[in-house]
Each structure stands twice: as C-alpha cells, then as structure tokens.
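Below is one structure, written out as structure tokens; comments come after it.
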Amino acid sequence: MEDLLGYLHSHFLSEPALLARSGVSLETLRGWQQAGAAPWPSYRLALAGEAVSCMGAAALSAESAWYPRGMLCWLGQALAWDGDPERLRAGFEREWRAGLAALELSPAEAELDLAAAWRDFLAGGYGVCTCDGLPAQIAQKEALVSLIDALTERQSRSGLEPAQRERLARAVAWLDAVAAPFAPHERAASSRARCVELTRRLYLTEAA
C-alpha cells in the first residue's frame with residue numbers, strides 16, 4: 001500500500017488538490033462528470049485500518065480519488081467553454097487527431113476507435129496508462145501499441161529485418177515517452193511491460 005500511495009503522490013493529484021489548483025468547485029466538477037464533460041478519477045482508494053498509540057486505538061476509514069496531472073489542463077478548457085460537453089468532445093477529437101498526425105502513420109495504422117477512446121477517457125481509464133491522460137497521448141498510446149504488436153506479431157516473431165527494427169525502435173521510444181509508469185500492482189500486466197520492456201529485450205538489444 002505504501003508503494004501505491006507513493007506512486008499516486010508522485011504522478012497524480014488528489015481530488016482536493018485538483019480542485020484547489022484548478023479553482024473548480026466540487027459541485028461543478030461533479031456536474032461536468034455527470035454531463036460527460038470531464039473524466040471521473042483514474043484511481044479510487046478505500047482505506048480501512050486502525051490507529052494505535054499510547055493514548056489508545058481508533059478505527060480508521062477513508063476514501064480518496066486521484067486524477068492525472070493533465071486533468072488541470074482539461075478543467076481549464078472546461079472553464080473556458082462553460083463545461084459544454086459538445087465543445088469539449090470536439091476539442092478532444094482535434095487534439096486526438098493532432099496526436100495521431102505527429103506519428104506519421106499510414107491511414108490503416110491510424111484507424112482507431114475514437115468513440116471508445118472518448119468513453120474510456122471520461123471513465124478515467126487513460127489516466128492509468130498515459131503520462132498526462134490527455135487526448136494526444138491517448139491516441140499515440142493506442143496507435144503505438146497496435147503498431148508494435150503488428151510489427152512483432154504480439155512479441156511472437158522470431159526476428160525482424162533492419163528496416164522493421166528501426167521502425168520498431170522509434171515506436172517503442174515514443175511509447176516509452178507517453179505511457180505511464182503504472183502503479184506497482186499493475187506493472188507486470190501493463191502495456192509498458194509488454195510493448196516497451198519485453199519488446200526491447202526480444203528485438204532491440206545487441207543479442208536480439
């Protein structure tokens with residue numbers, strides 16, 4: 001639990017910190033979340049235990065919510081647009097497409113499910129797997145994972161041609177920059193573990 005709390009304090013904002021830094025009230029945030037204009041937390045913690053000292057013991061129970069640091073940018077945009085879900089959805093799509101364009105993929109490689117990404121973004125899921133939880137990184141993470149899996153046949157290919165290795169190296173380096181470190185209990189099963197760490201060991205070391 002200590003490692004998880006350390007990870008959250010290092011990479012995320014608690015809900016009270018997010019509200020204080022953004023100037024958004026809890027009531028406004030909840031309204032935006034319920035209207036589909038702002039993401040829900042990426043992590044929710046329910047803690048229970050006991051505090052013991054020379055003065056006695058007391059039962060403890062607490063809940064906390066945690067958001068990616070990029071949520072500050074999103075709330076700033078929401079404030080500027082009065083929490084309008086349609087304008088925010090359109091802004092998400094513009095940033096998403098700009099993130100994809102930066103990768104210079106073929107049209108087939110850039111065919112991603114935008115509607116599903118928007119749903120997962122609002123649910124808080126992309127705060128778990130990208131560094132900032134914002135649209136450009138979300139699009140890049142999805143496209144790069146797909147590209148790496150295609151080039152390596154999901155890490156099952158026995159070898160790659162030099163041009164393929166070069167392209168794979170670029171994709172892995174970019175994914176390394178946008179993918180989250182992941183919480184301790186998530187790392188082994190994460191896209192980072194498979195598409196960055198395992199892929200480097202199998203294909204991008206001197207012995208590969």
Side-chain angles (χ1 to χ4, degrees), residues 1-47 62-85 87-100 102-103 114 117-145 173-187 189-193 195-197:
M1 181 61 72
E2 183 177 351
D3 287 345
L4 174 58
L5 289 174
Y7 175 75
L8 293 175
H9 280 289
S10 295
H11 298 281
F12 289 78
L13 291 171
S14 67
E15 191 165 78
L18 175 69
L19 297 175
R21 290 179 61 175
S22 66
V24 173
S25 70
L26 180 59
E27 180 182 11
T28 296
L29 176 60
R30 286 291 180 269
W32 289 346
Q33 289 169 329
Q34 291 163 1
W40 291 93
S42 293
Y43 290 92
R44 295 180 178 87
L45 268 62
L47 305 177
E63 294 185 359
S64 59
W66 298 82
Y67 296 82
R69 294 180 180 271
M71 183 70 164
L72 280 171
C73 295
W74 187 262
L75 293 188
Q77 202 167 51
L79 279 170
W81 291 343
D82 296 321
D84 185 330
R87 292 186 71 183
L88 288 161
R89 169 65 174 76
F92 179 95
E93 181 172 352
R94 283 193 299 272
E95 293 178 34
W96 159 278
R97 296 197 183 283
L100 275 182
L103 297 177
L114 176 60
W118 173 245
R119 290 194 302 270
D120 290 343
F121 168 72
L122 291 177
Y126 282 110
V128 173
C129 60
T130 63
C131 288
D132 64 17
L134 293 175
Q137 283 195 358
I138 291 169
Q140 290 167 357
K141 181 263 179 184
E142 291 292 340
L144 290 164
V145 167
W174 200 316
L175 181 61
D176 193 10
V178 302
F182 287 89
H185 66 286
E186 299 164 335
R187 287 173 192 157
S190 70
S191 55
R192 169 175 287 280
C195 292
V196 176
E197 296 163 8

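Along the sequence shown, residues are numbered consecutively beginning with 1.
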Apply salt bridge (Lys or Arg N to Asp or Glu O under 4.0 Å) to Asp84 and Arg89, showing your working. CA-CA 9 Å; Asp84 185 330; Arg89 169 65 174 76; over 6 Å; no
Does [X] reach the side chain of [Y], with side-chain heavy atoms less than 4.5 Å apart?
X      : Y      : answer
Leu75  : Leu79  : no
Glu197 : Arg187 : no
Arg21  : Arg69  : yes
Phe182 : Cys129 : yes
Trp74  : Ser22  : no
Lys141 : Leu175 : yes
Met71  : Leu29  : yes
Cys131 : Val178 : no

Using modelled atom types only, decide if a donor and an acceptor are shared between the side chain of Gln33 and the backbone of Pro39 within a distance under 3.5 Å. yes
Using modelled atom types only, decide if a donor and an acceptor are shared between the side chain of Gln137 and the backbone of Thr130 within a distance under 3.5 Å. no
Which atom of [X] lies closest to which atom of [Y], heavy atoms considered:
X      : Y      : value
Gly83  : Ala37  : O-CB, 3.6 Å
Gln140 : Ala102 : NE2-CB, 4.1 Å
Gly70  : Leu134 : O-CD2, 3.4 Å
Val145 : Cys195 : CG1-SG, 3.9 Å

For residues 118-125, which side-chain N or O atoms pair as donor and acceptor with protein atoms under 3.5 Å away, sequence neighbours left out?
none

At what distance, to the nearest 0.5 angstrom, does [atom1] of [X] lie from [atom2] of [Y]?
X      : Y      : atom1 : atom2 : result
Tyr67  : Trp40  : OH    : CH2   : 7.5 Å
Trp174 : Leu103 : CH2   : CG    : 5.0 Å
Asp3   : His185 : CG    : NE2   : 11.5 Å
Ser191 : Leu144 : OG    : CG    : 10.5 Å

Test side-chain contact (heavy atoms from CB on, under 4.5 Å) applied to Leu88 and Trp32, step by step: CA-CA 11 Å; Leu88 288 161; Trp32 289 346; over 6 Å; no
Which word best sums up how the rings of Trp96 and Phe92 line up, parallel for under 30°, tilted for 30 to 60°, or perpendicular for over 60°?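 If you compare the ring of Trp96 with that of Phe92, the planes turn out parallel.
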Is the ring pair Tyr7/Phe12 parallel, tilted or perpendicular, if the boundaries are 30 and 60 degrees?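 Tyr7 vs Phe12 ring planes: tilted.
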One pair to check against side-chain contact (heavy atoms from CB on, under 4.5 Å): Asp82 and Arg87. What are the steps and the verdict? CA-CA 9 Å; Asp82 296 321; Arg87 292 186 71 183; over 6 Å; no
Testing Arg94, Glu93, Glu95 for side chain to side chain contact (heavy atoms under 4.5 Å, CB included) with Pro135, which one passes?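 The residue from Arg94, Glu93, Glu95 that satisfies side chain to side chain contact (heavy atoms under 4.5 Å, CB included) with Pro135 turns out to be Glu95.
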Is there a salt bridge (Lys or Arg N to Asp or Glu O under 4.0 Å) between Glu186 and Arg192 once you walk through the steps? CA-CA 10 Å; Glu186 299 164 335; Arg192 169 175 287 280; over 6 Å; no
